[in-house]
2 protein chains.
Amino acid sequence: MKLKISEVAELANVTKRTVDYYTNQGLLRAERSASNYRYYDREAVDQIGVIERLKDEKLSLAEIKKRLKVDQAENADIEELKMKIQDLEMDVSDIMNILEKKGLTKETIRNNLSHESISLMQTLLLLLI
Amino acid sequence: MKLKISEVAELANVTKRTVDYYTNQGLLRAERSASNYRYYDREAVDQIGVIERLKDEKLSLAEIKKRLKVDQAENADIEELKMKIQDLEMDVSDIMNILEKKGLTKETIRNNLSHESISLMQTLLLLLI
DNA sequence: GGTCTTAACCATCACGTTATAGTTTGGGGT
DNA sequence: ACCCCAAACTATAACGTGATGGTTAAGACC
């Protein structure tokens, strides 16, 4: 039998809000009923235990999520990477097209691009060149 | 002169958290400094006033956002650009995540990334920095 | 005027909280 | 057994909160 959010929360010794948050962040998976209720299976309780332990080791939820993804998706990394890079190429050329057609300013662009993204791109280029 | 978040908040009679939230939800636009600080122009203060008034009429922020978007539909280009750039950001961070997780080599990456794409990214960065 | 320190500020994370609106369920009556 | 209802549960929105880790700006000192 599947568990509702408060049952999961109690069994895992966390609050409902925590289960809610983890679910929204994609660290926990839940079925949805027709009425949009979440239903978890028992495995979720253990999963929360793992998450809490990793948190004690100062990992952020984002990092924990990555680690969990690795455990479960182990493989198709390079295929994924290939596809991501294709997407990236398309995005970049789209952007450049827009930049050429419209006379948008440097500021307009920078205001819409997060600084993390810029530094990520820089890092990527540094790795490659 | 541009305003910082707490200045906007005080002038508009809302909390910083509210300004933060509206900004994240895309109801308010802010420039970002190199250090990632948000800088608003005074128009933002009035904008918040409009939002609060619409909230009194029981509109949700999502609905308010749509209404504001219509008002400034002239900015379709920028919206398009924004979305493209968001896609780009996601792609880049995805790629970096994979790069961090796996010990993929420079060669593996370069083999999957076209030469044109690299130079496009370089151009983009040159425009911005 | 330059440098150095420190208090005040800022961004983000990981939830907490309150309000609203919809859902499920254990009775109670018939 | 079937219908009705209130109590308990649920999802989501819109912030609030405390911790953490950077940033900026205003003096103090040289």
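Since the structure is predicted, the reported quantities are computational estimates derived from the model, not experimental observations. In what follows, every heavy atom counts, from backbone to side chain, and hydrogens, waters and symmetry copies are set aside.
With contacts defined as side-chain heavy-atom distances shorter than 4.5 Å, the pair Lys4(A)/Tyr39(A) qualifies. In this structure, the side chains of Thr23(B) and Tyr40(B) come closer than 4.5 Å at one or more pairs of heavy atoms.
The salt bridge (Lys or Arg N to Asp or Glu O under 4.0 Å) pairs that include a residue from residues 16-26 of chain B are Arg17(B)-Asp20(B), Asp20(B)-Arg38(B), where partners are two or more places apart or lie in different chains.
Comparing dC9(C), dT24(C), dA14(C) against the side chain of Tyr37(B) picks out dC9(C) as the nearest.
Toward the 5' end of DNA chain C, the nearer of the two residues Tyr39(B) and Tyr39(A), judged by each one's closest nucleotide, is Tyr39(B). Residues Leu61(B) and Lys4(A) each lie close to DNA chain D; by heavy-atom proximity, the contact nearer the 5' end of the strand is made by Lys4(A).
Contact check of residues 11-22 of chain B against DNA chain C (heavy atom, cut-off under 4.0 Å) returns Lys16(B).
Within 6.0 Å of the CD atom in Glu10(A), the count of heavy atoms belonging to other residues, nucleotides or ligands does not exceed 12.
Lys55(B) has a side-chain polar atom (N or O) that falls below the 4.0 Å cut-off from OP1 or OP2 of dC15(D). Put simply, Asn36(A) has no side-chain N or O that comes within less than 4.0 Å of OP1 or OP2 on dT10(D).
Smallest separation of non-hydrogen atoms from Leu28(B) and Ala44(B): CD1-O, 4.4 Å.
For Arg53(B), the side chain to side chain donor-acceptor pair (under 3.5 Å) test picks out no residue, with sequence neighbours left out.
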